[in-house]
Structure formats: C-alpha cells, structure tokens
Amino acid sequence: MKLHDLNDRTCGCDESEGAPGLTSLNEALALCAAETPLVPGVDILPIGEALGRCLSEPVMSRVNVPPFANSAVDGYAVRCGDLIGPGPCILPVVDRTAAGDAPAQLDRIATVRIFTGAPLPAGANAVVAQEHVTLRNGIARFDRLPTVGANVRRAGEDMAAGDVILPAGRRIGPRDIAVMAAAGVAEVRVRRRLRIALLITGSELVAPGQEAAPGKINDVNGPMLEALIAQPGVSIVEKARIGDDLGRLCAELERLSGAVDLIVTTGGVSVGEEDYLRRAVERIGDRLHFAGVALKPGKPVSFGRIGTALWLGLPGNPQASFVGWHLFGRAIVDALQGATGKPRKMIVSSAVNLRHKPGRCELRPARLVGFDLRGRATVTAEAATYSGRVSPLADADGLLLLPSEADQIDTSMLLEFLPFEES
Ligand SMILES: Nc1nc2c(c(=O)[nH]1)N[C@H]1C(S)=C(S)[C@@H](COP(=O)(O)OP(=O)(O)OC[C@H]3O[C@@H](n4cnc5c(N)ncnc54)[C@H](O)[C@@H]3O)O[C@H]1N2
Ligand code: MOO
C-alpha cells in the first residue's frame, strides 16, 4: 500500500472553519434513533434460517435443559447414603446404562455402570469416574467416597422451562442458535426484512471495469455499500446509478419513497451547484432531520424523511460514505429492526503522536498493532484523514475516534476505537 504525502492538503474536509451549522455527532445519532420507526410485520423462521435477524419478542425455553439428571462422565452410578465408613467401597455392578437409554433403577446397595449423557438411575445421586474404579468379576471397588451430586448434571441446571433465554431486540448469532436448539425452540418471530434502495448519484461515475472516458471515474460507493448493506434481514430491492439532475433525482426519490423503508444515496449532498440531493429532499420530502454533522470524514451527511421512507444522504467521497454508513446507516437499520445491541467499541491508545484539527470529531481508519505496558491495545493511523482516498480502508482494522476538541493526540491518551466486524 502506498504511503501518502502527510503534508498534502487535497481533502476538502476542512473547507469550513470549525462546525457552524453542523449537528454534533451525538445529536445526529440521537436523531437517527428518535426519528426511525420500528418496521411493522414479522417473519416466522426456523432457527437455522434466523441468523442475523432481529427477535420481535423474547424467546422462552420450552423444556428443562438438561431434561433429566444425567452423568457428566463415564463411570459408576451410586447412592451416597449406602457408602459409609472410610472405604474402600466394594459394590456389585447390577446394570448398565448409556446415553439414549431409559433410566435404570438403583434400589439396593450396588452400582450401575453408566456413560456420559446417560440418565441417572432412579435412586442414584452421584457418579464415580471410571478412572477411580477397579473392576473385577463384576465387582467395582473405589477408595474415595463421592459427595452427593458428584459428576451429575441436574435437570434444568442450564435452563428451566419457561425461562426467558433471549430478549426481544436480540440480533441472532450462532451462539443464540445453540441456546434455542437446546431449549427445544424450532421457530422464532423476527422483524420482517427491511427494504432498502441504493441510489448512487454522480455524472462522473462508470461501473468498475467499464471504459472510463476523460472526466469519468469508477463507482466505488455502489459496490462498497452493496457489500456493507447486504446483511441478513435486509434486502436491497432497488439500486441505480444516476447523473446529477434535480428533476430526475426528485422523480426517482418520489418513486422509491413509496416502495422502501430506507433510501440511501451517495454524492451530491454538499454545497456545490451540482449537489442536488438536499434541494431534492427539501422539495419533495417531509422532514430534514439534520443536514451536515461535525464529523470528519462525512461532514455533509444528511438524514430526513420522504413520505413513509427514511432518507440517508451519504457524501460522495468514498471514505466519507463508508464512515457515514458505519455510524448512521447501521444505527438506522438497528432502529428499524428494533435491535437493542450496541456497536462494539474498544478503548485503545495510539502508538504514535497524531495531529487533529479541533472542531469536528474525526474517525480515522487505524490498525491494531499491539499492546502498551498496561496491556491496552495500541493502534497506528495515518497522519491525516483524506476522505477521497480508498486505500487506507483496506489497511485498517477499525475507526479511531479523535475527539472534536483535541488538537494533539499523544500516546498516553485513551481513545475510542470501533473495530470492523468483518475481516
Ligand atoms: N466548498 C466546499 N466544498 C466542499 C465541502 C465544503 O464544505 N465546502 N465539503 C467537502 C466534503 S467534506 C465532502 S465529503 C464532499 C462531499 O460532497 P458531495 O456529497 O456533494 O459529493 P460529490 O460532490 O458528488 O462528490 C465528492 C467527491 O467524491 C467523488 N465521488 C462521488 N461519488 C462517488 C462514487 N460513487 N465513487 C467514487 N467516488 C465518488 C466525486 O467524484 C468527488 O470527487 O464535498 C466537499 N466539498
Ligand atoms: O471530506 Mo468530507 O469531511 O466529509 O468527508
């Protein structure tokens, strides 16, 4: 990956001084949560098809887990009350029980040969592991007396029938599927699939691989956002690339607003004469919740409503578009689905001193490089953020938050870091 000239200033991010007229990052995130309605409607899915979907109601265990007391080891089931004195204990083996068998009976001074997972014989209350037992002519002998419950997995010790095992709003992961399978849950109710439209604007754009005439560039945001948005529970039902034309944009936004839950646009959201998105939403939309955030990159990011559809206007610069989706797009998707989980966050320190211009929070692609003397993760980042550059994204493990008021970031400061979930 090429090293960038640290002194070059071609980004445009710092064109307006400070943050006049911009909404703070926290306020913008609060508006995303407050102004996003929960989508109506649920799907009922087999648990094996529910990965990544969001529970619309709590899930309860249908059974006790385990459903019956069973042995945690291969060994010999005993009744502790039979075993008195210092030992050794000498007991006849009167039965044999394996996983899947119906429970045996232990109703006399004896032992039952038992295997891991087999139901504990009625009357037995402990299992002696076979490593501590010698067996000769059907007689088991062991020296150490077991305590009541030794090597026994009690019925319901993991989960009890009726227990809430997963809360509403949980985004289902592989571990949740394990818990539901154990609890005898076959199907779950999850929020219905979101319908998202992706509209990439810019007269300069061509599809990657297509011959680019002078003045044209490859569309980065289209393929990048398709990959970022494509999650279980979300369908991109419309995607289009259109030129900078106010009339066409208005018509397209109006059409899409009746068909989807969320319209995501990129480009054309800043202050230039060819930037039509805000004007289009002001003309045909119902609300503009914010237009511009004290954030770098991503300053022009905007959020509003057109009819029943939400609109997220991401900037054209690819790094700004990426950060805008990471912060606001994911928050809006979570709110539409009623997801209660919070994005993962780490506290790190920078392995190198960094400079930052006060006024806007900055989210700079950064790489995890090791640990400091206190065991805290350390990161390195480029000396500046260039929102038009794409290559720093591939090198990064996450986004490092440089607080808006800080001008110097030194290696002793604690910083927030948002790790990427995908590899
Ligand atoms: N006078 C000012 N100019 C700019 C300001 C400002 O405050 N005052 N803000 C700058 C910031 S910050 C950003 S970010 C950009 C965002 O502008 P837009 O959202 O209107 O985006 P465009 O002007 O359409 O494009 C910006 C840039 O990105 C390239 N681009 C656009 N779409 C794509 C795509 N799909 N794939 C790859 N590259 C794309 C486009 O060609 C431009 O170079 O505005 C600054 N200007
Ligand atoms: O270049 Mo701008 O700050 O949004 O990304």
Side-chain angles (χ1 to χ4, degrees), residues 4 8-25 28 198-210 212-229 239-246 248-249 264-282 288 290-304 311-329 356-365 382 384-393 399 401-402 404:
H4 300 304
D8 102 16
R9 299 196 182 280
T10 54
C11 178
C13 278
D14 293 320
E15 268 316 303
S16 64
E17 287 300 314
L22 300 178
T23 303
S24 77
L25 176 54
L198 181 56
L199 199 57
I200 305 297
T201 78
S203 301
E204 71 276 38
L205 304 173
V206 297
Q210 194 181 319
K216 306 288 183 193
I217 59 167
N218 288 322
D219 170 20
V220 175
N221 295 338
M224 174 182 76
L225 282 163
E226 258 189 78
L228 284 169
I229 295 172
K239 58 184 180 208
R241 199 180 312 114
I242 67 172
D244 300 309
D245 178 299
L246 183 59
R248 277 193 64 207
L249 271 172
V264 180
T265 62
T266 76
V269 79
S270 185
V271 294
E273 280 164 29
E274 292 291 314
D275 295 333
Y276 295 117
L277 255 299
R278 283 184 195 166
R279 267 177 280 171
V281 174
E282 274 158 4
L288 200 51
F290 58 81
V293 176
L295 171 68
K296 177 179 177 170
K299 181 173 62 179
V301 69
S302 302
F303 176 53
W311 167 64
L312 176 63
L314 298 173
N317 280 324
Q319 216 178 106
S321 201
F322 177 87
V323 167
W325 177 261
H326 207 74
L327 291 179
F328 303 108
H356 165 249
K357 183 176 173 185
R360 288 188 278 157
C361 289
E362 197 171 323
L363 278 161
R364 200 175 288 182
E382 298 209 37
T385 296
Y386 298 99
S387 74
R389 294 182 183 173
V390 186
S391 62
L393 290 175
L399 297 170
L401 191 139
L402 309 183
S404 64

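As the structure lists them, so they are numbered: ligands from 1, and atoms in each ligand from 1.
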Verify, without hydrogens or angle tests, whether [X] (side chain) and [Y] (backbone) share a donor-acceptor contact under 3.5 angstrom.
{"X": "Q319", "Y": "Y386", "answer": "yes"}
{"X": "D244", "Y": "Y276", "answer": "no"}
{"X": "N317", "Y": "A320", "answer": "no"}
{"X": "R278", "Y": "P300", "answer": "yes"}
{"X": "R241", "Y": "V206", "answer": "no"}
{"X": "R389", "Y": "T385", "answer": "no"}
{"X": "D275", "Y": "L277", "answer": "no"}
{"X": "T201", "Y": "T266", "answer": "yes"}

[X]-ligand 1 polar pair, N/O distance under 3.5 Å:
{"X": "P300", "value": "no"}
{"X": "V269", "value": "yes"}
{"X": "I200", "value": "no"}

Heavy-atom check, side chain of [X] versus side chain of [Y], under 4.5 Å:
{"X": "L314", "Y": "V301", "value": "yes"}
{"X": "P315", "Y": "P297", "value": "no"}
{"X": "L327", "Y": "L295", "value": "yes"}

Would you tell me which option among [options] has the nearest heavy-atom contact to [atom]?
{"atom": "atom 46 (N) of ligand 1", "options": "G267, S270, G215", "result": "S270"}
{"atom": "atom 23 (O) of ligand 1", "options": "V323, D275, N317", "result": "D275"}
{"atom": "atom 34 (C) of ligand 1", "options": "T265, N221, V271, V301", "result": "N221"}

May I ask whether [X] has any heavy atom positioned less than 4.0 angstrom from an atom of ligand 1?
{"X": "N218", "answer": "yes"}
{"X": "G388", "answer": "no"}
{"X": "P318", "answer": "yes"}
{"X": "G268", "answer": "yes"}

Atom pair NZ (K357) and CG (L402), whose distance is rounded to the nearest 0.5 Å: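 The distance works out to 14.5 Å.
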Quick check on contacts: which atoms of ligand 2 are under 4.0 angstrom from a heavy atom of [X]?
{"X": "P300", "answer": "4 (O)"}
{"X": "N317", "answer": "1 (O)"}
{"X": "S387", "answer": "1 (O), 2 (Mo), 5 (O)"}
{"X": "K299", "answer": "3 (O), 4 (O)"}
{"X": "A320", "answer": "4 (O), 5 (O)"}

Contact (N/O only, under 3.5 Å) between G298 and ligand 2: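 Yes: some nitrogen or oxygen of G298 is under 3.5 Å from one in ligand 2.
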P315, portion touching ligand 2 at heavy-atom distance under 4.0 Å: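 None of P315 does.
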Contact partition for L277 relative to ligand 1, non-hydrogen atoms under 4.0 Å: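 The answer is neither; L277 stays 4.0 Å or more away.
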Proximal ligand 1 atoms for D219, defined as those under 4.0 Å from one of its heavy atoms: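 Answer, ordered by atom number: 34 (C), 35 (N), 36 (N).
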